[in-house]
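Note sheet for the following structure.
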There are 2 protein chains.
Amino acid sequence: MKTAEKANRATYTIAEAARRTGYDAETLRYYEREGLLRGIGRKSTRRVYTEENLMAIGLVTCLKKTGMPLKAIKEYVSLTARGDKTIAKRLELMRRHSKEVARQLEEVTRFKDRIDFKVWYYETAMREGSAAIADMASALSRYRRETGREVSF
Amino acid sequence: MKTAEKANRATYTIAEAARRTGYDAETLRYYEREGLLRGIGRKSTRRVYTEENLMAIGLVTCLKKTGMPLKAIKEYVSLTARGDKTIAKRLELMRRHSKEVARQLEEVTRFKDRIDFKVWYYETAMREGSAAIADMASALSRYRRETGREVSF
DNA sequence: ATACCACTTTGAGTTAGCTCAAAGTCAATA
DNA sequence: TATTGACTTTGAGCTAACTCAAAGTGGTAT
């Protein structure tokens with residue numbers, strides 16, 4: 001498929017890649033130095049980013065935003081570079097990470113409940129004066145009654 | 001209520017407070033120095049932690065784990081110390097933070113979908129060989145068909 | 001009473017993840 | 001052809017959030 005191939009041959013300077021990915025150009029160079037990005041081509045000395053490179057950057061973003069340290073991302077990337085024989089390891093790694101992210105989502109959800117209780121608490125204090133809900137235990141049970149929501153401490 | 005009061009008078013050394021909160025004793029001292037914790041008492045020169053202090057530490061944990069920088073937590077804590085006249089500001093702050101956490105939860109959920117696609121991809125590559133699903137576009141539509149899940153890039 | 005060890009303070013060091021500076025190179029535009 | 005300005009490299013600097021070291025103090029177990 002000549003056209004499909006050609007359609008994918010769009011390339012970008014580091015400034016364009018930076019704009020498209022939301023990173024600073026310095027950060028893209030840094031990621032490459034650190035081994036988080038591989039196979040970035042050059043035109044003379046300058047970096048040339050392909051669509052595939054941008055996808056790879058997107059995956060780095062995904063892993064980073066879900067809390068994976070750059071060091072671990074680097075290990076994953078180097079597994080990828082070692083080809084098909086590392087697929088089992090990559091599967092293992094992604095499964096572990098998925099579980100970790102699930103754990104994290106649950107935790108943050110619980111913490112958000114607590115923050116939303118605080119919001120309710122301050123709203124009520126604004127309306128009724130802070131003396132009216134000074135007792136935490138009864139504030140909590142009133143919150144459950146009025147909002148139907150749970151909070152755990 | 002003498003009994004209830006007494007039940008709440010349990011106190012802890014920094015080592016006990018550290019164990020109970022999951023922090024290092026050094027970190028608790030650091031948080032106090034930085035203004036994230038106030039009103040920690042002393043017995044002679046040593047820190048004495050009350051149940052209320054532990055609750056305050058729990059709130060710090062909640063804000064920190066939901067991505068609030070220590071600097072912002074410190075501002076919140078200093079609002080609290082300024083009493084009832086800062087309730088409107090605290091409400092504002094908590095509302096903003098709750099929204100930010102909601103945004104974050106959505107984002108991480110989307111990223112998790114992408115990670116779970118990777119898991120499926122590697123599982124399939126293990127079963128069928130990586131050549132069988134090398135084409136991303138068809139891998140994606142097959143994923144949707146087989147799992148009923150969506151992925152966005 | 002004495003030894004021990006967790007505690008205190010001040011101040012320096014560490015790690016992750018960028019971010020900037022300086023000096024030089026190359027491609028596009030006037 | 002000269003200028004502009006985005007690019008290159010190496011290497012230093014920065015911020016957040018701890019973490020440790022050194023020297024000294026005080027509460028508790030033997």
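Naming: A, B, ... by sequence-line order, numbering from 1 per chain.
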Is A:Arg42 close enough to D:dT9 that one of its side-chain N or O atoms is under 4.0 Å from OP1 or OP2 there?
yes

Taking ring pair (Phe, Tyr, Trp, His ring centres under 6.0 Å) as the definition, give me every residue that meets it alongside B:Tyr31, ordered by chain and number, with sequence neighbours left out.
B:Tyr23

Proximal nucleotide (of D:dC7, D:dT9, C:dT8) relative to the B:Arg47 side chain
C:dT8

Per the end-axis method with five pairs at each terminus, what is the bend angle of the helix from C:dA1-D:dT30 to C:dA30-D:dT1, to 10°?
10°

Is there side-chain contact between A:Val48 and A:Tyr12, with heavy atoms separated by less than 4.5 Å?
no

Applying side chain to side chain donor-acceptor pair (under 3.5 Å) as the test, list every pair that has at least one member in residues 102-111 of chain A; sequence neighbours left out.
A:Glu100-A:Arg103

Taking only side-chain N and O atoms of A:Arg29, does any of them lie within less than 4.0 angstrom of OP1 or OP2 on D:dT8?
yes

Sorted by first residue and then second, give each salt bridge (charged side-chain N to carboxylate O under 4.0 Å, His left out) pair with at least one member in residues 79-93 of chain A; sequence neighbours left out.
A:Glu92-A:Arg96

List for me each residue that meets side-chain contact (heavy atoms from CB on, under 4.5 Å) alongside A:Ala125, sequence neighbours excluded, and say none if there are none.
A:Ser130, A:Ile133, B:Ile87

Sequence neighbours excluded, every pair satisfying side chain to side chain donor-acceptor pair (under 3.5 Å) that has a member inside residues 33-44 of chain A
A:Glu32-A:Arg42

Partners of B:Glu150 by salt bridge (Lys or Arg N to Asp or Glu O under 4.0 Å), sequence neighbours excluded?
B:Arg144

What string of B, S and - do you get for nucleotides 14-30 of chain D, 5' to 3', when a contact is any protein heavy atom under 4.0 Å?
---BBBB-----BS---

Sorted by chain and number, sequence neighbours left out, side-chain contact (heavy atoms from CB on, under 4.5 Å) with B:Glu123 holds for A:Leu91, A:Arg95, B:Val119, B:Arg127

